[in-house]
Amino acid sequence: MTKYGSFPGARPRRLRTTPAMRRMVAEHRLHPADLILPAFVREGISEPVPISAMPGVVQHTRDTLRKAAVEAVEAGVGGIMLFGVPEDAKKDAAGTVGTDPDGILQVAIRDVRAEVGDDLVIMSDLCLDEYTDHGHCGVLDADGRVDNDATLERYAEMAQVQADAGVHVVGPSGMMDGQVGVIRDALDQIGHEDVSILAYTVKYSSAFFGPFREAVGSSLKGDRKTYQQDPANLRESLRELALDLEEGADMVMVKPALPYLDVLAKIADEVDVPVAAYQISGEYAMVEAAAEKGWIDRDKAILETLTGIKRAGANMILTYWATEAARGL
């Protein structure tokens, strides 16, 4: 007791006294099953290709992708999101290789499904940008603009070949109006009612996507501001959310994560379906670069960022640290 009596009467520090105490009263807890590993598989390579802007991340061969999937299972990771990187010569204006049953992504889905079965939730990026020679997420009209409705037809075809290859979840990431409803109908029409849709409900036109362009060998000309969202807007995200849920989304996503934690929290408060957040390439690169400089503690920063995303309301987190973080947890 001080000369001021019993002040302070409330002492929150009592619950911070030891690691065991802090662990017991933690309000949010990360679990390996919360984490989803994004993985790139590249056609025509015999060894993994490092991604210069994302230290520790590679473009996989088919064999190393299978190994990465097994390692994810062993670490307790919940899922894997697959991105295909075709040979440049196979890209065209319509992204034909994206709907080829023998295209690199479909082959990779079959490989991973054969390797780990149902022990890992296998997800696939459903978008045309990796496969088009112009790098946009859809087909272009005569004026060079992305044609929304023509693109939806391509997405329907992509959903069907990915489902036939054995994917558990498709992730339409192109931000076309009506994409979830069209994909749901396309899947149901060929008997794939059990394939889920993780809707990229909120995907902002972000500067933090930069390193991803290298990861997928992007051929992008121009920008994606006419279909990805303006970083200034929040109400627009809630409108997108309502539309995706009405069209049949099983899960919804906010991308990027850290610059949009307020949006993530708002989305999580609004829904009764699982919510994902994607900790994207630029977020990963910032931590790795600062850690390499010795400016931050890498391992603590990774855990802190993931905890922040979980605290904001994410049930699932796509992160390039998924397997590493899961082992630590």
Checking K203 against M253 for the side-chain contact (heavy atoms from CB on, under 4.5 Å) test, could you report, in this order, the C-alpha distance in whole Å, the side-chain angles of both residues, the deciding distance, and whether it holds? CA-CA 8 Å; K203 184 177 181 182; M253 185 195 293; over 6 Å; no

Distance only, no hydrogens: is a donor on one side chain within 3.5 Å (strictly under) of an acceptor on the other, for D194 and H168? no

Regarding S124 and Q162, do their side chains bring together a donor and an acceptor under 3.5 Å, going by distance alone? yes

Please say yes or no: joined through hydrophobic side-chain contacts below 4.5 Å, possibly via intermediate residues, are L243 and I267 part of one cluster? no

Membership question, hydrophobic clusters at under 4.5 Å side-chain separation (ILVMFWY): are V271 and V254 in the same one? yes

Donor-acceptor contact below 3.5 Å, side chain D244 vs main chain A249: no

ILVMFWY cluster, V97 and V161 together (side-chain gap under 4.5 Å): no

Mind checking the SG-CD spacing from C137 to Q228? Nearest 0.5 Å is all I need. 6.0 Å

Tell me whether V139 shares a hydrophobic cluster with M176, the cluster being built from Ile, Leu, Val, Met, Phe, Trp, Tyr side chains joined at under 4.5 Å. yes

Measure the OG1-CD1 distance between T61 and I45 for me, rounded to the nearest 0.5 Å. 6.0 Å

With rounding to the nearest 0.5 angstrom, report the OG to CD1 distance, S281 to I51. 9.0 Å

Does the side chain of L37 reach to within under 4.5 Å of the side chain of M81, using non-hydrogen atoms? no

For the pair D34 (side chain) and H31 (backbone), establish whether a donor and an acceptor sit closer than 3.5 Å, ignoring hydrogens and angles. yes

If you define the side chain from C-beta out and look only at heavy atoms, does anything of H60 sit under 4.5 Å from F40? no

State, without any angle test, whether T305 and E283 hold a side-chain donor-acceptor pair at a distance under 3.5 Å. no

For P256 and P259, the nearest pair of non-hydrogen atoms, with its separation, is CB-CD, 4.0 Å

Would you check, one step at a time, whether the test side-chain contact (heavy atoms from CB on, under 4.5 Å) holds for V275 with M251? CA-CA 6 Å; V275 177; M251 299 170 275; over 6 Å; no

Return the CZ to CG distance between R13 and L15, rounded to the nearest 0.5 Å. 12.0 Å

Looking only at non-hydrogen atoms, find the nearest pair between A285 and A53 and report the distance. CB-O, 3.3 Å

Minimum heavy-atom separation for S206 to I280, with atom names? OG-CD1, 4.3 Å

Salt bridge (charged side-chain N to carboxylate O under 4.0 Å, His left out) assessment of E324 paired with R298: CA-CA 12 Å; E324 177 186 350; R298 177 182 179 275; 2.7 Å; yes

Is it the case that the side chain of E43 and the backbone of E87 share a donor-acceptor pair, with hydrogens and angles ignored and the cut-off at 3.5 Å? yes

Least distance between heavy atoms, A159 atom then L187 atom: O-CD2, 3.5 Å

Does K67 pair with D63 as a salt bridge, N-O distance under 4.0 Å? no

Inspect the contact between R154 and D149 and indicate whether a charged nitrogen and a carboxylate oxygen are less than 4.0 angstrom apart. no

Could you tell me whether the side chain of P38 reaches within less than 4.5 Å of the side chain of F83, counting heavy atoms only? yes

What are the two closest heavy atoms between A277 and A314, and how far apart are they? CB-CB, 4.1 Å

I'd like to know if K90 pairs up with D100 as an ion pair, taking the criterion as any Lys NZ or Arg NE/NH1/NH2 lying under 4.0 Å from an Asp or Glu carboxylate oxygen. no

Would you indicate whether the side-chain heavy atoms of D125 and M158 approach each other to under 4.5 Å? no

Verify side-chain contact (heavy atoms from CB on, under 4.5 Å) between V121 and V169, making sure each step is shown before the conclusion. CA-CA 7 Å; V121 178; V169 179; 3.7 Å; yes

Any chance you could measure I109, atom CD1, to M123, atom CE, to the nearest 0.5 Å? 12.5 Å

Side chain of D147, backbone of A150: donor and acceptor closer than 3.5 Å? yes

Quick check: does any side chain N or O of R29 sit under 3.5 Å from a backbone N or O of R23, one acting as donor and the other as acceptor? yes

To the nearest 0.5 Å, what is the distance between CG (N148) and CE (M175)? 10.5 Å

Tell me whether R311 is salt-bridged to E27, with the criterion being a basic N under 4.0 Å from an acidic carboxylate O. no

Quick check: does any side chain N or O of H136 sit under 3.5 Å from a backbone N or O of G138, one acting as donor and the other as acceptor? no

In one Ile/Leu/Val/Met/Phe/Trp/Tyr side-chain cluster, 4.5 Å: V107, V41: no

Q106 side chain near D102 side chain, heavy-atom distance below 4.5 Å: no

Side-chain heavy-atom pair E292, E288 within 4.5 angstrom cut-off: no

Please state whether the rings of Y260 and Y204 are parallel, tilted or perpendicular, taking 30° and 60° as the class boundaries. parallel

Atom CD of residue position E193 - does it have more than 12 heavy atoms of other residues, nucleotides or ligands inside 6.0 Å? yes

Is the shortest side-chain heavy-atom distance between I80 and I36 below 4.5 Å? no

Using a cut-off of 6.0 Å, state whether more than 12 heavy atoms not belonging to D272 lie near its atom CG. no

Would you please test I309 and L264 for side-chain contact (heavy atoms from CB on, under 4.5 Å) and show each step? CA-CA 8 Å; I309 296 167; L264 173 60; 4.0 Å; yes

Look at the side chain of R66 and the backbone N and O of E115, then say whether any donor-acceptor pair between them is shorter than 3.5 Å. no

Check this for me: does any side-chain nitrogen of one of K91 and D88 sit under 4.0 Å from a carboxylate oxygen of the other? yes

Is there a side-chain contact between V112 and L65 (heavy atoms, below 4.5 Å)? yes

Is D92 reaching over with its side chain to a backbone N or O of G95, donor-acceptor style, under 3.5 angstrom? yes

Keeping R184 on the side-chain end and G248 on the backbone end, is there a donor-acceptor pair under 3.5 Å? no

Could you report the tightest heavy-atom contact between L128 and A94, atom names first, then the distance? CD2-O, 3.8 Å

Aromatic plane relationship, Y284 with Y320 - under 30° parallel, 30 to 60° tilted, over 60° perpendicular: perpendicular

Any side-chain donor-acceptor pair under 3.5 Å between Q229 and S237? yes

